[in-house]
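Input: a single structure, listed below in structure tokens.
Along the sequence shown, the residues carry numbers beginning at 1. Note that the coordinates shown come from a computational prediction; the quantities given were computed from them, not determined experimentally.
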Amino acid sequence: MTKGGPFATGGTVPDVATTGGWARRVRALFAATAGRARTRRTTPAPGASTTPTVVRHVALPDHEGPVVAEYSPALDGDADPGEIVWTWVPYEDDPTQGKDRPVLVVGRDGARLLALMLTSKDHDRNAVSEAHHGRYWLDIGAGAWDTRRRPSEVRLDRVLRVDPATVRREGAIVDRATFDQVVTAMAEVLDR
């Protein structure tokens, strides 16, 4: 949290849904934090401290160039390559906005994680249109990262750089065969 930012008075994000004028406040929040880290209050797990945890949303530029993939999952509380975790992903057309979503960690770039975003939307029906816009997807099936166990697709052409501090929780470990399939397909798409 930076001093003097929009939340400097209390150190936490106000609950805009209950303070009235929420749409105006949300627009003001995006305007005030454009290009800077954003925060979000999360709900603690049962039995955990009731003090709100503040999670920073950092819009890092996407990774460019080759990816050195590694498969080293370990359910130790840290996000590791081979795991699907949840984090905030900035929109491509407006990095000041984004969405919490699952991502597959595929490697590292120094202290940052390299990851591919997942979706439960079926892009196979619009594969030609998606490819025309430079977006390529691979089906990876269903898993514990989605509470409704919907089939997921991973986006192969956009490699995200993720600050490990922004990862909120672990979702699942993908098996080695699925990981290798994703990495091979990603390399083919990135070489185009």
Side-chain angles (χ1 to χ4, degrees), residues 37-38 40 55-76 78-192:
R38 283 168 302 289
R40 179 173 102 70
V55 178
R56 298 184 73 217
H57 297 286
V58 180
L60 298 173
D62 290 350
H63 178 76
E64 299 287 331
V67 174
V68 177
E70 64 177 88
Y71 184 78
S72 58
L75 288 177
D76 55 5
D78 295 329
D80 301 304
E83 297 177 16
I84 294 178
V85 297
W86 284 76
T87 191
W88 183 81
V89 176
Y91 295 138
E92 280 182 288
D93 57 345
D94 184 359
T96 65
Q97 297 185 45
K99 177 179 179 179
D100 284 321
R101 63 168 59 241
V103 297
L104 171 60
V105 181
V106 293
R108 299 180 191 281
D109 179 23
R112 309 288 188 208
L113 302 170
L114 298 179
L116 304 174
M117 67 182 189
L118 274 69
T119 185
S120 59
K121 290 183 181 177
D122 184 8
H123 290 90
D124 289 340
R125 292 180 291 169
N126 299 322
V128 173
S129 175
E130 287 291 301
H132 176 74
H133 290 94
R135 297 183 295 255
Y136 296 90
W137 301 86
L138 177 70
D139 293 319
I140 61 167
W145 57 87
D146 185 296
T147 57
R148 297 191 318 203
R149 299 287 182 159
R150 295 171 293 185
S152 294
E153 295 181 358
V154 63
R155 184 168 171 187
L156 302 169
D157 60 283
R158 183 179 181 203
V159 181
L160 305 166
R161 291 175 63 235
V162 177
D163 182 341
T166 65
V167 173
R168 294 184 292 104
R169 61 182 170 154
E170 295 189 16
I173 293 177
V174 297
D175 62 79
R176 181 64 190 249
T178 301
F179 183 83
D180 289 344
Q181 181 184 16
V182 169
V183 168
T184 299
M186 175 188 67
E188 289 173 6
V189 167
L190 294 179
D191 283 343
R192 290 181 184 180

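Under the 4.5 Å side-chain criterion, counting only non-hydrogen atoms from C-beta, Val154 is not in contact with Met186. Counting heavy atoms from C-beta on, the side chains of Arg155 and Arg135 come closer than 4.5 Å. Considering only heavy atoms from C-beta on, Val103 comes within 4.5 Å of Val85 through its side chain. Using a 4.5 Å heavy-atom threshold, the side chains of Val89 and Arg158 count as touching. The shortest distance between side-chain heavy atoms of Val174 and Val182 does not fall below 4.5 Å. The closest side-chain heavy-atom distance from Val189 to Leu138 is not below 4.5 Å. You'll find the side chain of His63 stays beyond 4.5 Å of the side chain of Leu160, heavy atoms only. For the pair Tyr136 and Glu188, the minimum side-chain heavy-atom distance is 4.5 Å or more.
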- Task: Any chance you could lay out the side-chain contact (heavy atoms from CB on, under 4.5 Å) test for Leu114 and Val105, step after step, and finish with the verdict?
- Result: CA-CA 6 Å; Leu114 298 179; Val105 181; over 6 Å; no
- Evaluate salt bridge (charged side-chain N to carboxylate O under 4.0 Å, His left out) for Arg108 paired with Asp80, printing each intermediate quantity in order. CA-CA 9 Å; Arg108 299 180 191 281; Asp80 301 304; 3.2 Å; yes
- Going through the checks in order, is the side-chain contact (heavy atoms from CB on, under 4.5 Å) test met by Val159 and Asp109? CA-CA 11 Å; Val159 181; Asp109 179 23; over 6 Å; no
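Remark: the Thr178 side chain and the Asp175 side chain contain an N/O donor-acceptor pair separated by less than 3.5 Å.
For the pair Asp163 and Arg112, the salt-bridge criterion is met [side-chain N within less than 4.0 Å of a carboxylate O].
In this structure, Trp145 CH2 and Arg150 CZ are separated by 12.0 Å, a value rounded to the nearest 0.5 Å. For the atom pair OG of Ser120 and CZ of Arg149, the computed distance is 14.0 Å after rounding to the nearest 0.5 Å. In this structure, Thr87 OG1 and Met117 CE are separated by 13.0 Å, a value rounded to the nearest 0.5 Å.
Of all the heavy atoms in Trp88 and Gln97, the pair that sits closest is CZ2-C, 3.5 Å. For Asp76 against Asp78, the heavy-atom pair with the smallest separation is OD1-N, 3.0 Å. The minimum heavy-atom distance between Pro90 and Pro95, with the atom names listed, is CB-O, 3.7 Å.
Evaluation of the ring-ring contact (aromatic ring centres under 6.0 Å, His included) test over residues 171-192, restricted to residues two or more places apart or in two chains, returns Tyr71-Phe179.
Within a 6.0 Å sphere centred on CD of Glu64, other residues, nucleotides and ligands contribute 12 heavy atoms or fewer.
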